[in-house]
Amino acid sequence: MRRRAIARAPGRVNLIGEHTDYHGGWVLPAAISLGTRVEVCLRDGAQVIGRSRELAEVAAGLAAPAAGDWLDYPRGVALELADCGRVPARGFELRVESELPIGAGLASSAALCVATALALAAAAGRPFGEAERAELARLCQRAESRFAGVPCGIMDPWAALFGRPGAALRLRCSDAWFEPVALPERLELLMVDTGVRHSLRDGRFALRQRECAQALQAARRVASRDLDGLSDVTRADLGRLASELPPLGLRRIRHVVSENARVATLAEALGRGDLQAVGAALYASHESLRRDYQVSCPESDFLVESSRTLEGMVGARMTGAGWGGCTLHLVREDHGARCEAALVGRFEARFGRRPRSWRLRAEGAARLLSD
Ligand code: GLA
């Protein structure tokens with residue numbers, strides 16, 4: 001049995017389709033060059049030890065209850081791999097190096113899970129083949145939701161495992177049908193980190209899901225047909241629901257329905273190279289997340305609003321789960337540096353601290369580094 005393996009998985013930027021994946025809706029993420037490298041060494045016994053360049057060292061028994069620290073993600077992955085008989089339930093040591101800011105909406109936890117799974121399976125002599133990537137994405141989603149307690153959707157591990165250079169993935173989360181959508185070469189993904197942090201484990205993410213489950217029950221009563229999830233609600237249904245649902249439920253549904261439509265709008269606009277329509281869809285998505293899904297924050301709103309007046313700026317929105325994290329600004333590449341400097345400067349003048357920022361492009365998927 002091989003005992004040591006190394007893998008790297010990318011983070012992702014979601015261009016549009018926010019808070020739709022766990023409703024079986026549409027998303028449009030791209031894998032990015034920032035990522036996480038994980039080295040796994042199998043150990044005798046059941047102890048898991050996590051060392052990281054960026055985070056505190058942690059250790060726990062493989063099957064001990066979740067502890068609320070970063071090792072929960074690799075342990076969740078290892079337990080899922082053991083559950084399906086892929087690797088024996090045993091201890092391992094993990095060395096992690098990550099360029100991804102944590103809790104910033106760039107899917108750092110999915111990158112950690114995917115890289116751990118690839119490395120751990122390879123170290124145990126059962127590496128995942130190309131044809132098993134979909135299964136692996138689902139396994140990583142289960143690890144995050146069952147063990148780490150974050151009821152997330154499939155988008156992040158999918159982007160990490162299927163990302164392509166120069167393209168985003170238009171993914172329907174109900175059945176994981178997807179196609180690449182080429183991004184115009186003259187565009188850059190400018191990310192600005194508000195520095196405001198959320199933990200998806202703090203209950204806010206789960207609260208949105210409970211609110212939506214209630215709204216779905218109400219929608220089922222009102223609509224005269226079966227609804228599998230909120231993504232089955234149509235614009236026509238919305239009109240009828242307006243008078244029947246409490247305002248909060250209506251807002252949540254309105255976001256999901258309109259955001260699903262915007263994924264199609266944005267993908268088609270990118271295809272035609274219609275940057276005005278691209279920008280309009282991005283700003284509309286932000287507005288819907290701010291007003292209807294209520295997951296933005298003043299710092300993100302400020303960066304998005306500030307974008308509107310910048311030359312070369314195509315459009316902007318918060319990206320990821322929200323409550324802080326990064327904003328995405330789609331910029332014409334010849335204006336990238338100037339837009340970045342302007343946004344960073346304006347943010348610093350307003351909030352008194354300098355935000356981190358990156359100018360990124362869509363990159364390829366996770367892979368084993370050791371063979
Ligand atoms: C987090 C989750 C994803 C998705 C986004 C919001 O990143 O992990 O599954 O729900 O939030 O779009």
Side-chain angles (χ1 to χ4, degrees), residues 9-32 34 36 70 72-73 76-77 100-114 137-163 168-174 176 178 191 193 196-213 229-231 252 255-260 262-263 266 282 285-286 288-290 292-297 300 317-328:
R12 62 98 188 94
V13 168
N14 189 20
L15 270 74
I16 205 159
E18 214 66 84
H19 289 281
T20 49
D21 62 348
Y22 52 86
H23 296 306
W26 292 89
V27 294
L28 193 68
I32 53 176
L34 304 178
T36 299
W70 67 268
D72 287 350
Y73 295 94
V77 165
L100 288 163
I102 294 168
L106 300 181
S108 58
S109 55
L112 176 59
C113 287
V114 167
R138 294 198 174 89
L139 183 145
C140 291
Q141 181 197 10
R142 284 201 303 278
E144 278 207 57
S145 50
R146 282 196 201 158
F147 192 71
V150 181
C152 57
I154 192 73
M155 167 169 68
D156 300 348
W158 203 272
L161 282 157
F162 291 96
L169 304 175
R170 181 185 187 189
L171 167 68
R172 180 171 58 206
C173 299
S174 54
F178 76 104
M191 309 304 298
D193 186 352
V196 178
R197 285 295 177 263
H198 65 266
S199 161
L200 295 187
R201 301 167 97 174
D202 72 2
R204 280 183 279 190
F205 195 78
L207 173 64
R208 282 293 172 281
Q209 301 204 351
R210 285 200 301 279
E211 291 166 352
C212 287
L230 284 190
S231 293
R252 303 296 187 248
H255 167 72
V256 176
V257 173
S258 62
E259 186 75 351
N260 276 325
R262 280 187 290 270
V263 175
L266 187 77
L282 292 175
S285 168
H286 184 81
S288 177
L289 288 157
R290 184 182 74 78
D292 282 345
Y293 219 69
Q294 297 181 298
V295 292
S296 188
C297 69
S300 302
R317 57 182 287 275
M318 55 152 275
T319 187
W323 298 287
C326 286
T327 46
L328 158 68

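Order of appearance sets the numbers: ligands from 1, and atoms from 1 within every ligand. In this chain, residues are counted from 1 in sequence order. Just so it is clear, the structure is predicted and the values come from calculations on it, not from any experiment.
Per-residue contacts place M155 under 4.0 angstrom from the following atoms of ligand 1 (heavy atoms of the residue considered): 4 (C), 5 (C), 12 (O). Heavy-atom proximity to D21, at under 4.0 Å, picks out these atoms of ligand 1: 3 (C), 4 (C), 9 (O), 10 (O). Within the listing of ligand 1, atoms 9 (O) sit less than 4.0 angstrom from a heavy atom of G153.
Between the OG atom in S174 and the CG atom in D21 there is a gap of 11.5 Å [rounded to 0.5 Å]. How far CD of E259 is from OG of S288: 6.0 Å, rounded to the nearest 0.5 Å.
Relative ring orientation between Y22 and Y293 is described as tilted, the plane-to-plane angle lying within the 30° to 60° band. Taking the six-membered ring where the residue is Trp, W323 and H19 present perpendicular rings, their angle passing 60° and hence far from 30°.
Not one N or O of N14 is nearer than 3.5 Å to an N or O of ligand 1, by distance alone. Between Y22 and ligand 1, no pair of N/O atoms sits closer than 3.5 Å.
The nearest heavy-atom contact from the protein to atom 11 (O) of ligand 1 is A321 CB, 3.4 Å.
D72 places no side-chain N or O within 3.5 Å of a backbone atom of A148 that could act as its donor or acceptor partner.
Heavy atoms of R12 approach ligand 1 to within less than 4.0 angstrom.
In this structure, of D156, V295, V150, I16, the residue bringing a heavy atom nearest to atom 7 (O) of ligand 1 is D156.
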Kindly determine whether R262 and S285 satisfy side-chain hydrogen bond (donor to acceptor under 3.5 Å, both in side chains), including the steps that lead there.
-> CA-CA 7 Å; R262 280 187 290 270; S285 168; 4.5 Å; no

